[in-house]
Structure formats: structure tokens, C-alpha cells
Amino acid sequence: MSPLIQVRGVHRVYGMGEAEVRALDGVDLDLEKGGFTTLMGPSGSGKSTMLNIIGCLDEPTEGSYMLEGVEMVGLGRKERALVRREKLGFVFQGFNLLARSTALENVELPLIYQGFSAAERKKRATEALDQVGLASRAGHLPSEMSGGQQQRVAIARAIVTQPEILLADEPTGNLDTKTSHEVMQLLQRLNRDDGITIIMVSHEPEMMVYTDFIVRFRDGRVESTEIVDHPEESSC
Amino acid sequence: MLMNAFRIAVTEIFRNLTRSMLTALGILIGVAAVIAMVGLGQGATAAIEGDLEAMGNNLIFVTPGVSQRGPSPRAQAPPLTVRDAEAIRQQVSHVVAVTPVANAAATLVYGDEEVDTTVNGGGLDWFAVADWEVVEGRKPTQGEMISGAAVCVLGDTVREALFGGEAALGAKIRVNKMSCEVIGLTEVKGTNTMGMEQDDFVFVPIATAHRRLLGNTDVSSILVSADHTSNIDSVTQETESLLRQRRNIASNTSDNFSVSDTREMAEMIRGITNILTAFLGAVAGVSLLVGGIGIMNIMLVSVTERTREIGIRMAIGALERDVLTQFLVEAGLLSAMGGGLGVAMGLLGSWGGAKLMDVPFVFNMPVTLGALAFSAVVGVVFGWYPARKAARMEPIDALRHT
Ligand SMILES: Nc1ncnc2c1ncn2[C@@H]1O[C@H](COP(=O)(O)OP(=O)(O)OP(=O)(O)O)[C@@H](O)[C@H]1O
Ligand SMILES: [Mg+2]
């Protein structure tokens, strides 16, 4: 059986001629279903570019990207949007909540585009907020919440559609250490308990302990792939 | 999805209410102008038609000369005569009343009071044809008519100017050099829509006018009253052929007189008001277009401002179609809001204008609904480009936008 994600010979080139930047320069990558992977590497090494391509937000200049055995390169805008809608969830470094919508409304948003009824949306969104421990903040605006709370709302929004893959670009990048650990524990629980495949970009080595695999990038290539060993791990 | 697009649109419109109002102002003014213009135009037309009806019953005018063509044909055409009027009465069917009219300007004097007015010299039928009632005193008798007696009937404006509160009946006044007894007073008709003072005249028998005031026997026009509106055409035609015969006009020569009726005048006036209404409507339409461009402008700004939001929506599952709908609904709603307020303002304006101009207030349902629908369409049409711009964004670029 082919892996969930199979990337082959992917290049992503920005600009032309003199100003050309090879953000990805021949990447091969296999990621299995159910894994929790961290993409690491120095700034500018192409981690975000890789994540965006996996998330069907961006397209490689060259190469192949298969999701569940289906080629994603060359798909039309609409097909890519449908893949995002049906299979993927996103968490961003800057939370990216809609500022004028409450926590509940933010979480409901993906369900609107999936065509759920108002009652069903409310039910599912409330459940998702409950899952991230924020049921009591449903009516709050993002500006009325702490960074950690906002990121948890963003995670609730990403998982409310029960996606197969959760993509997170530096989800703890804007958070303090304590809150970062809380968010990482939440992600780990979603991975372990709900079987959501998670691919995350991170700079912080101390967050690695929550994940299963580490893929190191350097100059647009994969430098190494490691398995994280969890010495005598108790419950979180 | 559409419901949600509406909710989002309403939220966005109210979030920046000042800007939304200013944006919708163009549409508001356009729609208000269309509705007020059309309403007032129709009110004026209705009022003028009412005036024409008040001028007389199924009225037909005969005047010498052809007013439209040639260099002063009036001067060359032979005048009409009292006998022409008599002939029309006797030979044209469906005629209920005929009067020759001879007009003259005159200065009326009573005691110290003096007033300039128009003398209407006419036959007894003048009262029936021109639809005047004598409310005090009497009309001249047949005998007075024939003998050209020095008697007169005053319009209310003239009575007021000469007598004020005093009794007028039986008084002797001077009309130019003629001394004349007031035997009757007419009803008050007031000013008509075109601003014409209808009560400013003095009536004398036409023989009196000819002999004592004018010094000739010219008839400036003949007024004919048909028995029914449906017979106006036949009366017009018979009158025409009768007069051609009486005036010895060869069959290959055109008339040197004209026969017209109030319908023609109504038609002409309606034509003029229609052109005016269309013209003002077009101006209003242009302001609607300008309003539409204003909406396009603001929507473009809004799309740019909300680039990141668009990116987020696309990342979490919005299709191109969803984004397009959202912005189209917002533009349409913004515009329709302007349109709705515009309808209210326009109706208020045309109501107030109608009161001010003393014309009836006409509510035109199709125009109102049309303007409302058109404003929404303007919003959608001009919102199309910004909405498409939003929908066509690459999600990754939109997300990177700061
Ligand atoms: N839209 C773009 N246009 C031009 N160059 C770009 C664009 N996006 C990324 N790059 C370049 O591609 C390279 C890889 O960028 P990428 O964002 O993937 O790095 P990263 O590994 O995520 O770095 P960081 O840890 O700082 O987020 C960088 O050199 C960057 O300057
Ligand atoms: Mg990055």
C-alpha cells in the first residue's frame, strides 16, 4: 500500500533569472497515515513551502505529490479547494481567526462551506470547542482571548470537519513556553486518540518530544529523517 | 450558503456603517431622483390634463391661419366670421354648442379703481362651451346679444379688483371708452397648473365687442363643443370641410385655418412632459451608474483590506464560488439598501414636490419596483469585478498578505 503522502522530486522555484530562489530543490518524502511529524530546519530551508504544497495551498514547480495515491500536481483550483475542504485542516502561527467572529462562529466556518445546517454546525462546533477545553468561551471574540486560547480555537476549527490530516505551521511560534506545551499536548492527544495525521513545522527542539518523526530540511532538501524515541512515557 | 452570505454581508455593511452609507449614497440619490422625477412628471401631466378638461366640454378650437408653417400665415389668412360659427352650428352634426370669440385688451374703471384685463366677446353658448357658470346675476338675454347691449359679466379677479367687498351687480363700469352695466358674476376657478389666472376676464356679447370696442367684425377663434368625446373626430372633420368650402379653398391647397381639440393639446403637453421626464430620468440613470462605480470602488478597497480573511476562508474550505457569492451579495445588498432608502426619499420628495407645485401625487408602482431591482442589479454588476478579483486569489498569496 502506498503511504498517505508521497512526495517525489519536488522543486519549488520563486522568481526568475537573477532573483530565482529555489525554496525546494528536489524533495522526496513519504509520510504514513496516523503519524505525528515535525518538519525542522533553519530559517529559509523550505519547511513552510513544503507544508503549503502538502496542504494544496501551493503547487510545486516540478515533481509529484500523491495524497492517498492520487496525484495532486496539476489539479485545478476547484479540485484543490475540494481536497482542502474534505481532507485537510490548517493551524497557522498567527492563529488566523476572523477577528469579528466569536470563537463558535470561527469554528463553524468550515462547516458552512461543507453545507451543514445551522443546528448541526452549532452542535459540532460546540463539541470541537469542548475537545480543546474552550466550551465556556464559545461567545468570546478572538480579541477577548489569550494567545493559547486563540490557538486552541484555531485547532478546534481545523478538526471540526474531522480531517485526515492536520497541518500546522509553527503553531507554538507565538506562544510562551507553558502555553506551547499545553498546545502540543492537545495536538498529541488528537493524534493518539483520534488518529489524525499531523504534520507540523517547528523551530523549537523541546516540542519534538510530542511527535513521532522528525524531517530535517536544509537548503530546500531533506537532510535527514529520524524517529523520536519516547523514553518511558507516561500519560500526558 | 446564501443565507450565510447574507449574514456576513449585513455584518460587513454595519461594521463600517459610515463608509457603507457614503457608498450607498450614490445609488440612494440616483433612485430618489428617478422616482421623484417620474412621480412629479406624471403628477404634472395629470394636473395639466385636468386643466384641459376644465377649459371646456369636448372642446374644439377653430383659428384662422396655420400656426406652424410659413412666414406669418396668420396675417394673410382671411379672418373667421360670426356667420362661420352659425354655419357650423347648423350644418355639423353632433355639435351641442358653438361660439365665436373676439378678444381685446381693455382697461376697466370703476370709481377710483382701475384694472387691465382681457375682454372675451362671445355668443351665449360661450358659457356652455368654456364651462363657466354665472353664480350671481344673469347671462345677457338673446335680445341684448343681438343688439350689442352695453352689459358685461365679470370674472372674479376683475370683480375683486374693482369692487373688493362692494356689491358689483348693477354697477356701471367703464370698459375702455364704453360704459357698461355689470349683470353677472362667474364662479371662481382660480389658477391652473400652468399658472394661468382663469378668472381674469370680462365677458361682453360679441356684437358689443365688435361695435363698441374693436371697430371691426373679426372673430379670433370659434369654440365648438361636441356632444360626446367619441364624436370629436367627426366634428373636427366636418368642420374642416365646411370651412374649406366656405373659404373657397381649392382641393390642392392646404387649409388657411386650423381645427384642434384639447386632446391634441393634451397630447402635445404629454409629449413635452414625457421628453422632460425621460431626460431627467436619464440624468438620474447616470447618477445610478456613478453610484455603481462608487460601489465598485469601495468593494475593491474592501477586497484588498480583507485579502487575508479571503485566504483563511479558502484554506479552510471556501470554494471560488463561495467567495464570489459572498462579495456579490455584499455589493448587491449595499446597493439595494441605497435603493430602498432612495425609494423612501424619492417618494417623500415627489410627495412634497407635488404639494409644493400643487399637482396630484402619483405613486408609480412599476417604476418604484423597477428602480429598486435596478439598484440591486447595479450592485451585482459593479460588484462583479471586485468579487471575481477576490475569488480568483491564490490562497497562499492571500494568506501571506499582511
Ligand atoms: N512567495 C515567495 N516569493 C519569493 N520567495 C519566497 C516566497 N516564499 C518563500 N520564499 C523563499 O523561499 C525560501 C523558503 O521559504 P520558506 O518559507 O519555505 O522557509 P521556512 O523554512 O519556512 O523558513 P522559516 O523558518 O523562516 O519560516 C526562502 O528563501 C524564502 O525567502
Ligand atoms: Mg516558515
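If you're wondering where the values come from, they're calculated on a predicted model, not measured in any experiment. A, B, ... follow the sequence lines: proteins, then strands. Residue 1 opens every chain.
- Within residues 99-109 of chain A, the residues having any heavy atom closer than 4.5 Å to a heavy atom of chain B are A:Arg100, A:Glu105, A:Leu109, listed by residue number.
- Both the backbone and the side chain of B:Arg313 have a heavy atom closer than 4.5 Å to some heavy atom of chain A.
- Rounding to the nearest 0.5 Å places CG of A:Asp58 at 8.0 Å from CD of B:Glu394.
- Here the side chain of A:Arg84 pairs a donor or acceptor atom with the backbone of B:Met314 at under 3.5 angstrom.
- Nearest heavy atom pair, residue B:Ala315 against residue A:Phe92, reads CB-CZ, 4.0 Å.
- Below 4.5 Å, heavy atoms of chain A meet no heavy atom from residues 288-305 of chain B.
- Contact check for A:Arg157 versus B:Ile312: side-chain heavy atoms found under the 4.5 Å cut-off.
- There is no contact between A:Leu111 and chain B, counting heavy-atom distances below 4.5 Å.
- The shortest non-hydrogen separation linking B:Ala318 to A:Ala81 is O-CB, 4.3 Å.
- The pair A:Arg77-B:Glu320 meets the salt-bridge criterion, with a side-chain N (NZ, NE, NH1 or NH2) lying under 4.0 Å from an Asp/Glu carboxylate O.
- For A:Tyr14, the OH atom sits in a packed shell: over 12 heavy atoms of surrounding residues, nucleotides or ligands are nearer than 6.0 Å.
- Counting only heavy atoms from C-beta outward, the side chains of B:Ile316 and A:Gln114 never approach each other to under 4.5 Å.
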